[in-house]
Protein chains: 2
Amino acid sequence: MSPLLPPVVTETDRASCTATDILRSVGEKWSVLVLAILNDDRPHGFNELDRTIEGLSRRILTRTLRNLEADGLFSRHPTPDRVEYSLTDLGRSLLPLVIALGEWADRNAPAIEAARRSRL
Amino acid sequence: MSPLLPPVVTETDRASCTATDILRSVGEKWSVLVLAILNDDRPHGFNELDRTIEGLSRRILTRTLRNLEADGLFSRHPTPDRVEYSLTDLGRSLLPLVIALGEWADRNAPAIEAARRSRL
DNA sequence: CTGTATCCTAGCGGATACTG
DNA sequence: CAGTATCCGCTAGGATACAG
């Protein structure tokens, strides 16, 4: 239980890198999707990501990439004709956990939807 | 790879319970903390939570509890003199994954902080 | 191709005061 | 004890246009 819950929880704890911070970062709307796309171990260009993810504007894609890069999950390699993004080792080590969460969500989606419906 | 990434990602996918949705819900500021506190398998009262978590206002605590209850992770039991909250089986099944994320965050906090600092 | 600049909306997060 | 009512600031998310 230790990494999650100090004896008394103070607000200043959130200054560093707790589970909460990671979840907030990865919990941003498009983070998981971009992480998932980069998971095939080859670099992806900006426009490739822009075209692959429908409904995501360039502005948001830029910010999402910047945030995840700042967290050390992606790296950014500008080349003469394109910019390539790929997972870092850190990002790669995080992915199994996110995938596990995705599978949990998949398994329990019916239960969650039922819970939500019964609260109307 | 399947639960995370449909061949072409459309916006309407987010209507249901994907990993993204779960992460957004659990990624809200106090969700992990409250989940962690309820992890000891005994019910907790509203004011107990309010006192345990420093810096969390009653309004936000109320909303956090309502959201997680709507997701089916908590249950709410009003008694004559207090209201008790406890984890549902669904919530209990999610916790190991969140704890794993917490441990990952703990292990990699130095790397993440270093990545963030180098971007000043 | 890979962004940045502007402008806008909705909702999270919070302070404070009030209620059954 | 367990909330609700109000009011507010900040920022995630987005549309659109422009730039190097």
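Keep in mind that this is a model prediction, so the values were computed, not measured. The analysis underlying the following values was restricted to heavy atoms, covering all of them including side chains, and did not include hydrogens, waters or symmetry mates. Quick note on labels: first sequence line is chain A, next is B, and so on, each numbered from 1.
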Contacts of [X] that satisfy side-chain contact (heavy atoms from CB on, under 4.5 Å) - sequence neighbours left out:
{"X": "A:Arg59", "answer": "A:Ser57, A:Arg63"}
{"X": "A:Asp89", "answer": "A:Arg92"}
{"X": "B:Thr88", "answer": "B:Ser75, B:Leu90"}

Whole-Å distance between [N] [atom2] and [X] [atom1]?
{"X": "B:Glu28", "N": "D:dT11", "atom1": "CD", "atom2": "P", "result": "17 Å"}
{"X": "B:Phe46", "N": "D:dC1", "atom1": "CZ", "atom2": "P", "result": "10 Å"}
{"X": "B:Glu84", "N": "D:dC1", "atom1": "CD", "atom2": "C1'", "result": "12 Å"}
{"X": "B:Leu49", "N": "D:dA2", "atom1": "CG", "atom2": "C1'", "result": "12 Å"}
{"X": "A:Leu65", "N": "C:dC1", "atom1": "CG", "atom2": "P", "result": "15 Å"}
{"X": "A:Leu68", "N": "D:dA12", "atom1": "CG", "atom2": "P", "result": "12 Å"}
{"X": "B:Glu48", "N": "D:dA2", "atom1": "CD", "atom2": "P", "result": "9 Å"}
{"X": "A:His77", "N": "C:dG3", "atom1": "NE2", "atom2": "P", "result": "13 Å"}

Shortest side-chain distance from [X], nucleotide among [options]:
{"X": "B:Val83", "options": "C:dT2, D:dA2, D:dG14", "result": "D:dA2"}
{"X": "B:Arg66", "options": "C:dT2, D:dT4, D:dG13", "result": "D:dT4"}
{"X": "A:Lys29", "options": "D:dT4, D:dG14, C:dT4", "result": "D:dG14"}

Does a side-chain N or O of B:Tyr85 approach OP1 or OP2 of D:dC1 to a distance below 4.0 Å, or not?
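For B:Tyr85, the contact criterion (side-chain N or O under 4.0 Å from OP1 or OP2 of D:dC1) is not met.
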Does a side-chain N or O of B:Arg76 approach OP1 or OP2 of D:dG3 to a distance below 4.0 Å, or not?
yes
Mind checking if B:Asp50 touches a base, just sugar-phosphate, or nothing, with heavy atoms under 4.0 Å?
nothing
I'd like to check the side-chain hydrogen bond (donor to acceptor under 3.5 Å, both in side chains) partners of [X]; sequence neighbours left out, ordered by chain and number.
{"X": "A:Thr62", "result": "none"}
{"X": "A:Thr64", "result": "none"}
{"X": "A:Arg76", "result": "A:Tyr85"}
{"X": "A:Asn108", "result": "none"}

Kindly calculate the angle separating the two end axes of the helix from C:dC1-D:dG20 to C:dG20-D:dC1, each obtained from five base pairs, and round it to 10 degrees.
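It comes to 50° between the two terminal axes.
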Does B:Asp21 reach the side chain of A:Ile112, with side-chain heavy atoms less than 4.5 Å apart?
no
Would you say the side-chain atoms of B:Thr52 pair up with the backbone N or O of B:Glu48, donor to acceptor, closer than 3.5 Å?
yes
Give me the residues of residues 56-63 of chain A where at least one heavy atom lies under 4.0 Å from an atom of DNA chain D, by number, or none.
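Close to the strand are A:Arg58, A:Arg59, A:Ile60, A:Arg63.
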